[in-house]
Novice: 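Let me begin by handing over the structure; questions about it come next.
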Amino acid sequence: AKMQKYLLYNSVEPEELPTLRELSTMEICKVWSGMSRYIYRQLLQKTAVEIGVGTFAVVPVHACVEEGKVLPVERPMFILSKPLKMFYNLESDETKIPDEIPVVQPDFEEIAAETHFRHEIVEQCVQETLLCFAGALRDNKEVEFSFR
């Protein structure tokens, strides 16, 4: 049900993003780098993190090395949620998260404690950024979302 809010029939209006309007770019970046560190820690523990529009997971893939040899490697990936892909008509490879990998939601309290923001602020900042992301998908805009 959480994902539903990212299936947008209309453009994102500024009043839907009150938290982003109040935070500076610096603060938004701080929240997301806290989020990024949280995701990284989970991935190291072989846990996937679902963030509404998709899931970060470490997925086994086959890498081709020289002479047609194939090596099984594990690769961190962001897997867009299926309903989102269908809704916005997006093309991407089908990637399945292995069943044995647990999937968690972000722990906003933990991220807040680490970034020194109130946890409501962290949660709203993340959700509003994702709304922006969904809005860009809806309007066919280029999106660049970089994670270290």
Side-chain angles (χ1 to χ4, degrees), residues 1-12 16-17 19-20 23 25-117 119-148:
K2 233 175 148 178
M3 211 249 355
Q4 248 66 52
K5 72 153 143 302
Y6 301 118
L7 304 181
L8 304 173
Y9 287 101
N10 305 306
S11 295
V12 178
E16 296 177 71
L17 310 168
T19 309
L20 289 190
L23 296 173
T25 303
M26 225 13 225
E27 291 171 317
I28 295 168
C29 289
K30 248 176 99 168
V31 167
W32 277 97
S33 71
M35 180 76 159
S36 174
R37 285 191 300 273
Y38 172 81
I39 292 167
Y40 181 68
R41 288 195 300 271
Q42 299 303 314
L43 294 182
L44 285 180
Q45 296 166 18
K46 298 259 192 283
T47 299
V49 184
E50 196 268 311
I51 65 163
V53 293
T55 306
F56 288 94
V58 173
V59 184
V61 290
H62 297 294
C64 294
V65 284
E66 88 283 41
E67 295 150 32
K69 285 200 196 86
V70 173
L71 267 184
V73 290
E74 293 192 314
R75 198 166 123 214
M77 289 178 87
F78 178 68
I79 300 148
L80 221 49
S81 86
K82 250 202 201 106
L84 205 83
K85 273 197 332 205
M86 284 159 65
F87 190 84
Y88 293 116
N89 259 320
L90 303 170
E91 289 291 313
S92 78
D93 296 339
E94 267 312 308
T95 307
K96 236 182 85 55
I97 298 170
D99 295 334
E100 66 275 10
I101 295 180
V103 179
V104 299
Q105 305 284 320
D107 182 336
F108 291 111
E109 303 246 337
E110 187 182 317
I111 298 163
E114 185 189 298
T115 51
H116 309 294
F117 286 104
H119 100 264
E120 298 78 27
I121 298 278
V122 173
E123 187 160 2
Q124 280 152 8
C125 174
V126 166
Q127 284 172 2
E128 289 176 19
T129 309
L130 294 174
L131 265 179
C132 271
F133 175 71
L137 289 178
R138 181 194 170 276
D139 300 334
N140 247 318
K141 292 196 182 115
E142 281 283 318
V143 178
E144 191 180 308
F145 220 129
S146 56
F147 264 107
R148 280 219 296 288

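Hydrogens, waters and symmetry mates are skipped; everything else that's a heavy atom, side chains included, is used. Numbers here simply count residues along the sequence, with the first being 1.
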Novice: Of the non-hydrogen atoms in Cys132 and Leu17, which two are nearest, and what is the gap between them?
Specialist: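 That closest heavy-atom pairing would be SG-CD1, 3.6 Å.
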Novice: With respect to Phe108, which candidate in Gln124, Glu123, Glu120 satisfies the side chain to side chain contact (heavy atoms under 4.5 Å, CB included) definition?
Specialist: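 The residue from Gln124, Glu123, Glu120 that satisfies side chain to side chain contact (heavy atoms under 4.5 Å, CB included) with Phe108 turns out to be Glu123.
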Novice: Decide if atom CD of Glu142 counts as having more than 12 heavy atoms of other residues, nucleotides or ligands within a radius under 6.0 Å.
Specialist: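 It does not: Glu142 CD has 12 such atoms or fewer within range.
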Novice: Kindly indicate whether the side chain of Leu84, heavy atoms from C-beta on, has any atom under 4.5 Å from the side chain of Leu137.
Specialist: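 Yes. Closest side-chain heavy atoms under 4.5 Å.
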Novice: Please name the pair of heavy atoms, one in Pro83 and one in Leu7, separated by the smallest distance, quoted to 0.1 Å.
Specialist: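 Heavy atoms only, the tightest pair is O-CD2, 4.1 Å.
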Novice: Quick check: are there more than 12 heavy atoms from other residues, nucleotides or ligands sitting under 6.0 Å from CZ of Arg75?
Specialist: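 12 or below, so no.
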Novice: Hey, does Asn140 have a side-chain heavy atom less than 4.5 Å from the side chain of Tyr88?
Specialist: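 No, their side chains stay 4.5 Å or more apart.
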Novice: Which atom names give the shortest non-hydrogen contact between Pro76 and Leu43, and what distance separates them?
Specialist: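 The answer is CB-CD1, 4.2 Å.
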Novice: Could you tell me which non-hydrogen atom of His62 sits nearest to which non-hydrogen atom of Pro72, and how far apart they are?
Specialist: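 Closest approach of His62 to Pro72: ND1-CA, 3.9 Å.
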Novice: Do side-chain atoms of Gln42 reach the backbone of Val49 as a donor and acceptor pair under 3.5 angstrom?
Specialist: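 Judged by distance alone, no pair lies under 3.5 Å.
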Novice: Side chains of Leu23 and Ile121, heavy atoms from C-beta outward: is any pair under 4.5 Å?
Specialist: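 Side chain of Leu23 against side chain of Ile121, heavy atoms only: contact under 4.5 Å found.
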Novice: Look up atom CG in Asn10 and atom CG in Asp139, then write down how far apart they are to the nearest 0.5 Å.
Specialist: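 Here the rounded value is 10.0 Å.
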Novice: Evaluate Leu8 against Leu131 for side-chain contact (heavy atoms from CB on, under 4.5 Å), listing each step before the verdict.
Specialist: CA-CA 9 Å; Leu8 304 173; Leu131 265 179; 3.8 Å; yes
Novice: How long is the gap from CG on Leu80 to CG on Asp93, to the nearest 0.5 Å?
Specialist: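 So the gap between those two atoms works out to 12.0 Å.
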Novice: Tell me if a side-chain donor or acceptor on Glu50 pairs with a main-chain N or O of Gly52 at a distance below 3.5 Å.
Specialist: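 A pair under 3.5 Å: yes.
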Novice: Which is it for Lys46 and Glu74 under the salt bridge (charged side-chain N to carboxylate O under 4.0 Å, His left out) test, yes or no, and what are the steps along the way?
Specialist: CA-CA 10 Å; Lys46 298 259 192 283; Glu74 293 192 314; 3.1 Å; yes
Novice: To the nearest 0.5 angstrom, please state how far the NE2 atom of His119 sits from the CG atom of Asp107.
Specialist: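 Output value for this atom pair is 9.0 Å.
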Novice: So that I know where these two stand, are Tyr9 and Phe87 an aromatic pair - ring centroids less than 6.0 Å apart?
Specialist: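 Ring centres of Phe87 and Tyr9 closer than 6.0 Å.
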Novice: For the residue pair Thr55 and Phe78, establish whether any side-chain heavy-atom pair is separated by less than 4.5 Å.
Specialist: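 In short, these two side chains do not touch, never coming nearer than 4.5 Å.
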Novice: Of the non-hydrogen atoms in Gly34 and Thr115, which two are nearest, and what is the gap between them?
Specialist: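 Looks like CA-CG2, 3.7 Å.
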Novice: Would you indicate whether the side-chain heavy atoms of Met35 and Ile51 approach each other to under 4.5 Å?
Specialist: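 Yes, at least one pair of side-chain atoms sits under 4.5 Å.
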Novice: Is there a side-chain contact between Cys125 and Leu20, using heavy atoms and a 4.5 Å cut-off?
Specialist: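 Cys125 vs Leu20: side chains touch.
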Novice: Please report the interatomic distance CD1(Ile28) to CZ(Phe117), rounded to the nearest 0.5 Å.
Specialist: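 Atom-to-atom, Ile28:CD1 and Phe117:CZ are 9.0 Å apart.
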Novice: Contact between Glu94 and Lys85 at the side-chain level, heavy atoms closer than 4.5 Å - yes or no?
Specialist: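 Yes, close enough: below the 4.5 Å cut-off.
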Novice: Please round to the nearest 0.5 Å and tell me the distance separating atom OG1 of Thr47 and atom CZ of Arg41.
Specialist: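 So the OG1 of Thr47 and the CZ of Arg41 are separated by 12.0 Å.
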